[in-house]
Protein chains: 2
Amino acid sequence: MNTETQATQLAFRALADETRREILKQLSEQEMTIGELVEQFDMTRAAVKKHLIILEQGRLISVKKQGRERINRIEPSTFGVVFDWLAYFDHYWETRLQGLKQVVEAAEAEKKT
Amino acid sequence: MNTETQATQLAFRALADETRREILKQLSEQEMTIGELVEQFDMTRAAVKKHLIILEQGRLISVKKQGRERINRIEPSTFGVVFDWLAYFDHYWETRLQGLKQVVEAAEAEKKT
DNA sequence: CTAATATGATACCTTTTGGTATTATTTAAT
DNA sequence: ATTAAATAATACCAAAAGGTATCATATTAG
């Protein structure tokens with residue numbers, strides 16, 4: 001079997017932790033440095049950094065270097081792989097989730113222009 | 001913080017493993033016993049059983065006892081908690097994923113009548 | 001009643017995960 | 001040039017995950 005992409009696995013893995021999901025919510029409000037993120041959580045900088053690495057591996061965030069700071073921002077287009085996987089179950093809900101991955105990625109592409 | 005429900009955590013945790021996601025796909029085609037599922041995977045019955053337990057804890061499947069067999073079936077309404085979480089990011093895509101959770105759960109409710 | 005079958009449960013092992021504490025590196029300010 | 005600030009990296013630890021092998025239990029068939 002094993003027909004699934006590595007991207008899908010890394011994305012779902014990244015979403016599996018509550019702290020990481022909360023980080024994504026924070027970053028969806030505003031881009032932030034690690035330092036700023038650490039203030040929001042009751043754990044060490046190193047712990048937050050590990051979560052950011054896993055989010056990066058799942059391509060759910062990206063990092064922009066700016067002077068001595070690293071700005072973490074959400075990468076919403078990658079959510080498409082999640083929708084894509086969920087779309088497999090479309091026939092249960094009779095929705096047209098099928099094309100939503102493309103919708104999501106197209107919307108993101110437009111914002112970058 | 002920690003505003004998230006336990007149901008959300010258990011669902012995302014259950015979705016984090018590729019074998020479990022594959023089990024869900026199999027079960028979406030057809031209800032199956034553990035024995036039938038084991039044939040589809042290259043691992044022991046005990047391993048598959050553990051995955052089923054985690055899927056059950058995430059309420060993504062349910063089990064129907066039938067004689068000496070246990071029929072595992074998908075519980076599509078629970079996918080709603082996933083959509084619900086993803087809907088938080090709606091503003092990125094300008095989609096109306098927001099109400100999709102209700103759509104999904106309503107569709108399921110109808111099937112049961 | 002006794003097999004055989006389908007499943008459940010438990011003990012055990014290795015790897016991954018989520019966390020800390022500590023040390024190192026890069027960049028900005030004085 | 002030194003110091004301070006922001007971040008990165010590494011070693012270490014406990015707990016959870018994912019797997020196996022083995023034993024126990026329930027249900028159907030002869």
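Proteins come first, then strands; the chains are lettered A, B, ... in the order of their sequence lines, and each starts at number 1. Worth knowing before you read on, the calculation uses all heavy atoms, side chains too, and leaves out hydrogens, waters and symmetry mates.
- Between B:Phe89 and B:Tyr92, the ring planes are parallel. Angles under 30° get that label, and only those over 60° would be called perpendicular.
- OP1 and OP2 of C:dA6 both lie 4.0 Å or more from every side-chain N or O belonging to B:Thr33.
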Problem - CA sep, side-chain torsions, deciding dist, call: B:Ile74, B:Leu60, side-chain contact (heavy atoms from CB on, under 4.5 Å) - result: CA-CA 6 Å; B:Ile74 207 167; B:Leu60 294 168; 5.9 Å; no

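- Distance CD1 (A:Ile53) to C1' (C:dG18): 13 Å, rounded to an integer number of Å.
- Of the two residues near DNA chain D, B:Gln66 and B:Ala16, the one whose nearest nucleotide lies more 5' is B:Ala16.
- Distance CG (A:Leu52) to C1' (C:dT17): 16 Å, rounded to an integer number of Å.
- At a threshold of 4.5 Å between side-chain heavy atoms, the hydrophobic network of Ile, Leu, Val, Met, Phe, Trp and Tyr places B:Ile53 and B:Leu10 in two separate groups.
- Atom CG of B:Leu37 and atom C1' of C:dA6 are 14 Å apart (whole Å).
- Helix bend of the helix from C:dA4-D:dT27 to C:dT30-D:dA1: the angle between its two end axes, each built from five pairs, comes to 20° after rounding to 10°.
- Heavy-atom contacts of chain B under 4.0 Å fall on DNA chain D between two terminal nucleotides, which in 5' to 3' order are D:dA17 to D:dT28.
- OP1 or OP2 of C:dG18 has not a single side-chain nitrogen or oxygen of A:Lys50 nearer than 4.0 Å.
- A donor-acceptor pair under 3.5 Å links the side-chain atoms of B:Asn72 to the main chain of B:Met32, judged by distance alone.
- Separating the CD1 atom of A:Ile71 from the C1' atom of C:dT27 is a distance of 14 Å, rounded to the nearest angstrom.
- An OP1 or OP2 oxygen of C:dA4 is reached within less than 4.0 angstrom by no side-chain nitrogen or oxygen of B:Arg68.
- The minimum heavy-atom distance between A:Ile23 and A:His51, with the atom names listed, is CD1-CB, 3.9 Å.
- Atom CZ in B:Arg45 sits about 17 Å away from atom P in C:dT10, given to the nearest Å.
- In this structure, A:Arg70 places its CZ atom 11 Å from C1' of C:dT27, rounding to the nearest Å.
- To the nearest angstrom, P of C:dT7 lies 17 Å from NE2 of B:His51.
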Exercise for the section: Verify side-chain contact (heavy atoms from CB on, under 4.5 Å) between B:Glu75 and B:Arg59, making sure each step is shown before the conclusion. Expected result: CA-CA 7 Å; B:Glu75 201 66 58; B:Arg59 309 250 183 221; 5.5 Å; no

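- Atom CD of A:Gln30 sits in a sparse spot, with 12 or fewer heavy atoms from other residues, nucleotides or ligands closer than 6.0 Å.
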Exercise for the section: For A:Thr5 and A:Val81, run side-chain contact (heavy atoms from CB on, under 4.5 Å): C-alpha distance rounded to whole Å, both residues' side-chain angles, the deciding distance at 0.1 Å, then the answer. Expected result: CA-CA 9 Å; A:Thr5 79; A:Val81 305; 5.8 Å; no

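- A:Arg20 CZ to A:Ile54 CD1: the interatomic distance, rounded to the nearest 0.5 Å, is 4.0 Å.
- Side-chain N/O atoms of A:Lys65 include one lying less than 4.0 angstrom from OP1 or OP2 on C:dT27.
- Atoms CD (B:Glu69) and P (C:dA6) sit 7 Å apart, rounded to a whole Å.
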